[in-house]
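Here is the structure we will look at.
Quick note on labels: first sequence line is chain A, next is B, and so on, each numbered from 1.
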Protein chains: 2
Amino acid sequence: MTPLVSSFVAHFGEMGSRWGINRTVGQIYALIFVSPRALNADEIAESLSFSRSNVSMGLKELQAWRLVRLRHLPGDRREYFEAPTDAWEVFRTLAEERRRREVEPTLTMLRSALLETPSNEEDRIAQERMRGMQELIEMLMLWFDEVQALDPATLEKLLRMGARVQKVLEFTDRLRGGASH
Amino acid sequence: MTPLVSSFVAHFGEMGSRWGINRTVGQIYALIFVSPRALNADEIAESLSFSRSNVSMGLKELQAWRLVRLRHLPGDRREYFEAPTDAWEVFRTLAEERRRREVEPTLTMLRSALLETPSNEEDRIAQERMRGMQELIEMLMLWFDEVQALDPATLEKLLRMGARVQKVLEFTDRLRGGASH
DNA sequence: CTGGAATTTCAGAAAGTCTTGAAATCCGGC
DNA sequence: GCCGGATTTCAAGACTTTCTGAAATTCCAG
């Protein structure tokens, strides 16, 4: 591992642990992400000095997050892993997974709490606050559905525009046929 | 604590631990968020059955995240805590803090890695991927700066529109004086 | 000042998470 | 089917984080 890769990997280890994901998993992902070719578990264990079984666990988790893909190389029985290199695609995947794991359960809880008839003033106020939260989350999800529909190529163009929100949205509007419905 | 509040609090405990923030802190926040009035540390400790010192730590962390505000009630020496109830404001605060704690350090790392002259093909490819990541993050931050500029009242209106992205942006565009610059 | 309520700090106990090597399982090629 | 490499599972230990009660500190009221 070159110093360049090594510092990238170390950083993602730190970030992983700030975030729900653990250090090891963060490092494994970072290594695969910058690697020019798919890697097998032994190569990863070797590069990062983790036990083989730790790598196996980490890869399983990364697959559950859909952040890495399994591949087979012809004439090699081992499993190789690679990560999508398009940053936008990665971002979308992460957002989808977080939505499924965090946002949806939260909405479920909020919806069910909001169905209750408040039995006192305290609950009534609590429900008001929960309603505000629910509305925001639902709106953000609508936004996100829209943005998510943009393909990497379009995004690429937008990136190059150094877009401010209005510009970005005018642009997508044009792409999608102009008139709002 | 009513069952309604109790299930909200429990949910935020869970979510907190999925996320960097710990269970206790999540629960304390949730309790303050739905409470009709500011609470003092003893009330919180009592409601959640945490030790007084645990609550003190948790409140310190929530203050560091700027998610709760300290207040003094006339004729009472104790410190009372309340949370902004506007969901959009909370969201902005969270986003700002995460940006400061996670995004900026990542950008710093990426920028410095991208200044290096790659000494081999592997590093060259690694840098390409890092560049893609950096560009995406920088674009998202630009977007966010824009969105962040919207005040709660505007957001409120947008919420009621049930906005899809285009609509939202046309709307903000109108508010901001029409012509893009 | 001083007394005492409120808050914070801190070190150790408790709980939880991560990592490992050994054993079990899987699976393709012969 | 059987061999053997590849992968996964698992229980135990290492390590981290969280939580607590006791002690220290802060700071207001008199």
Side-chain angles (χ1 to χ4, degrees), chain A residues 9-10 12-32 37-65 67-82 101-102, chain B residues 9-10 12-32 37-65 67-82 101-102:
Chain A
V9 164
F12 271 75
E14 301 302 328
M15 282 302 145
S17 50
R18 270 185 183 255
W19 232 75
I21 268 165
N22 85 37
R23 174 179 312 259
T24 319
V25 175
Q27 294 185 205
I28 294 174
Y29 176 69
L31 182 64
I32 296 174
R37 59 183 186 78
L39 299 174
N40 66 46
D42 285 312
E43 290 169 330
I44 296 168
E46 159 80 4
S47 296
L48 300 174
S49 318
F50 295 155
S51 74
R52 183 62 187 66
S53 56
N54 197 358
V55 171
S56 174
M57 303 267 210
L59 288 170
K60 232 176 55 172
E61 186 164 357
L62 288 171
Q63 284 175 279
W65 277 91
L67 286 170
V68 301
R69 274 194 297 257
L70 180 58
R71 276 196 121 201
H72 278 284
L73 297 189
D76 190 333
R77 201 129 74 62
R78 286 169 297 182
E79 300 183 324
Y80 283 76
F81 296 88
E82 63 184 4
R101 296 165 191 232
E102 294 160 33
Chain B
V9 164
F12 271 75
E14 300 302 328
M15 283 302 145
S17 50
R18 271 185 182 254
W19 233 76
I21 269 164
N22 85 37
R23 175 179 311 261
T24 320
V25 174
Q27 294 186 204
I28 294 173
Y29 176 71
L31 182 65
I32 296 173
R37 59 183 186 75
L39 300 174
N40 65 45
D42 285 312
E43 290 169 329
I44 296 168
E46 159 80 6
S47 295
L48 300 174
S49 320
F50 295 157
S51 73
R52 183 63 187 66
S53 56
N54 196 1
V55 171
S56 173
M57 303 266 211
L59 288 169
K60 232 177 55 172
E61 185 162 357
L62 288 171
Q63 284 175 280
W65 277 91
L67 287 170
V68 301
R69 274 194 297 256
L70 180 57
R71 277 195 121 201
H72 279 283
L73 298 189
D76 190 334
R77 200 130 74 63
R78 287 168 297 181
E79 299 183 323
Y80 283 76
F81 295 88
E82 65 185 2
R101 295 165 190 230
E102 294 160 31

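For the pair R78(A) CZ and dT8(D) C1', the computed distance is 17 Å after rounding to whole Å. Remark: C1' of dG28(C) and CD of E79(A) are 13 Å apart, rounded to the nearest angstrom. Distance L70(B) CG to dC27(D) P: 12 Å, rounded to the nearest Å. Atom-to-atom, CG of D76(A) to P of dG5(D) comes out at 14 Å; the value is rounded to the nearest Å. In this structure, the CD atom of Q63(B) is 11 Å from the P atom of dT7(C), given to the nearest Å. Counting to the nearest Å, the C1' atom of dT7(D) and the CG atom of D42(A) are 10 Å from each other. N40(B) places its CG atom 8 Å from the P atom of dA6(C), with the value rounded to the nearest Å. Nucleotide dT17(C) holds its P atom 12 Å from the CD atom of E61(A), rounded to whole Å.
Atom CD of E46(A) is surrounded by 12 or fewer heavy atoms from other residues, nucleotides or ligands within 6.0 Å.
Base contact: R77(A) has a heavy atom under 4.0 Å from a base atom. Contacts of R52(A) with the nucleic acid, taken as non-hydrogen atoms under 4.0 Å apart, include base atoms.
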Does the side-chain contact (heavy atoms from CB on, under 4.5 Å) test come out yes or no for Y29(A) and V68(A), once each step is laid out? CA-CA 8 Å; Y29(A) 176 69; V68(A) 301; 4.1 Å; yes
Trace of the side-chain contact (heavy atoms from CB on, under 4.5 Å) decision for F81(A) with L62(A): CA-CA 10 Å; F81(A) 296 88; L62(A) 288 171; over 6 Å; no
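Here the CE atom belonging to M57(A) is positioned 11.0 Å from the CD1 atom belonging to I28(A), to the nearest 0.5 angstrom. In this structure, CG in L59(B) is found 5.0 Å from CD1 in I32(B), a value given to the nearest 0.5 Å. We find the CD-CG distance between E61(B) and L67(B) to be 9.5 Å, quoted to the nearest 0.5 Å.
K60(B) has no side-chain polar atom (N or O) that falls below the 4.0 Å cut-off from OP1 or OP2 of dT7(C). One finds a side-chain N or O of T24(A) lying less than 4.0 angstrom from the OP1 or OP2 phosphate oxygen of dT19(C). Taking 4.0 angstrom as the limit, N22(B) places none of its side-chain polar atoms (N or O) nearer than this to OP1 or OP2 of dG16(C).
For F81(A) and R23(A), each mapped to the nucleotide of DNA chain D holding its nearest heavy atom, the one lying further toward the 5' end belongs to F81(A). Taking the nucleotide of DNA chain D with the nearest heavy atom to each of V55(B) and Y80(A), the more 5' of the two is matched to Y80(A).
In terms of modelled atom types and a separation under 3.5 Å, the side chain of E43(A) and the main chain of N40(A) share a donor-acceptor contact.
On a pure distance criterion of 3.5 Å, a polar donor-acceptor pair joins the side chain of S53(A) and the base of dG21(C).
Comparing the helix axis at one end of the helix from dC1(C)-dG30(D) to dC30(C)-dG1(D) with that at the other, each defined from 5 consecutive pairs, gives an inter-axis angle of 30° (nearest 10°).
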